[in-house]
Amino acid sequence: MQIKETYKKLLDHFGFQKWWPVHTGTDRFLEVSIGAILTQNTNWKNVEKAIENLIKDDVLSWDKLESIDLEKLKELIKPAGFYNQKAVYIKNFVKAVKGLPKERITRDLLLSIKGIGEETADSILLYGLDRPYFVVDAYTKRIFYRLGITKTENISYKKLQKIIQQNIPKDINIYKEFHALLVELGKNYCRKRPLCIKCPLNNSCKKNLK
DNA sequence: AGCCAGGCCAAGC
DNA sequence: GCTTGGCATGGC
């Protein structure tokens with residue numbers, strides 16, 4: 001099955017996901033970035049709790065995050081797990097990016113920040129800054145492998161990103177939507193222990209376990 | 001009651 | 001370059 005067809009099927013089945021979810025009244029770029037850091041290897045439900053804590057304490061702003069005590073920040077984001085390192089990552093990010101004009105914020109700059117890897121950087125760029133970088137995650141690798149599009153689930157980030165970007169239009173709205181749809185499929189059907197019987201890609205998947 | 005989640009870093013080969 | 005271990009909470 002071709003990549004573009006996969007996108008169409010998922011969109012047809014799930015409908016528009018309208019990612020990235022952010023609260024009204026906060027800086028979108030900031031909230032996406034903090035969410036992207038907090039969701040590293042973590043359930044989004046837990047991230048929501050952490051973000052609610054930040055909003056409740058009125059610290060989801062560049063100035064407040066820069067000045068907040070590190071230990072206090074750890075407490076607030078605790079529900080998201082790995083809170084010791086994520087608090088430092090957030091501090092690193094804010095220090096490196098605060099006050100910069102957006103055109104100065106490049107992928108290389110983000111990757112130079114300790115705690116920002118490829119997926120986090122691309123999530124920030126795509127959903128926070130509307131730049132055309134396709135976000136690859138564990139679901140993406142798993143789904144494409146099971147579909148038979150890639151030969152291994154351990155394909156490198158760069159390789160899979162390149163394959164996908166070469167096979168869909170360079171359109172940030174498609175990039176945003178496709179990744180969100182892959183997450184939806186990965187969460188609900190193409191899980192580690194998959195639910196192939198009800199999967200919307202069931203009849204065109206090589207790894208179909210029925 | 002385990003298993004798992006929208007990764008990243010450091011260390012070792 | 002690729003692999004491994006550590007990091008932590010809460011939902012199911």
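Atoms considered below: every heavy atom in the structure, side chains included; atoms not considered: hydrogens, waters and symmetry mates. Protein chains get the first letters and strands the later ones, always in sequence-line order, with residue 1 at the start of each. Since the model is a prediction, treat every value here as computed from it, not as a measurement.
- Ring-plane geometry between A:Phe134 and A:Tyr175 is classed as perpendicular, the angle between the planes exceeding 60 degrees on a 0 to 90 degree scale with a lower cut at 30.
- Comparing B:dG2 with C:dA8, their C1' atoms sit 15 Å apart, to the nearest whole Å.
- Listed by first and then second residue, the ring pair (Phe, Tyr, Trp, His ring centres under 6.0 Å) pairs involving residues 67-102 of chain A are A:Trp62-A:Phe93 (not counting sequence neighbours).
- Between A:Lys187 and A:Ile116, the residue whose closest nucleotide on DNA chain B is further toward the 5' end is A:Lys187.
- A:Lys8 and A:Glu5 are not joined by a salt bridge, as no carboxylate oxygen comes within less than 4.0 angstrom of a charged side-chain nitrogen.
- Applying the salt bridge (Lys or Arg N to Asp or Glu O under 4.0 Å) test to residues at least two apart or on different chains, the pairs with a partner in residues 125-139 of chain A are A:Asp130-A:Lys176.
- Salt-bridge formation is not detected for the pair A:Arg28/A:Glu31: no Lys NZ or Arg NE/NH1/NH2 atom is positioned less than 4.0 Å from an Asp or Glu carboxylate oxygen.
- Within residues 154-176 of chain A, no residue has any heavy atom closer than 4.0 Å to DNA chain B.
- Near DNA chain B, meaning a heavy atom under 4.0 Å away, the residues from residues 71-92 of chain A are A:Gln85, A:Tyr89.
- Residues meeting the ring pair (Phe, Tyr, Trp, His ring centres under 6.0 Å) test with A:Tyr133, sequence neighbours left out: none.
- The pairing partner recorded for C:dT9 is B:dA5, the criterion being a Watson-Crick or G-U wobble arrangement whose two distances lie under 3.5 angstrom.
- For the segment residues 35-49 of chain A, the set of residues with a heavy atom within less than 4.0 Å of an atom of DNA chain C comprises A:Asn41, A:Asn46, A:Lys49, in numerical order.
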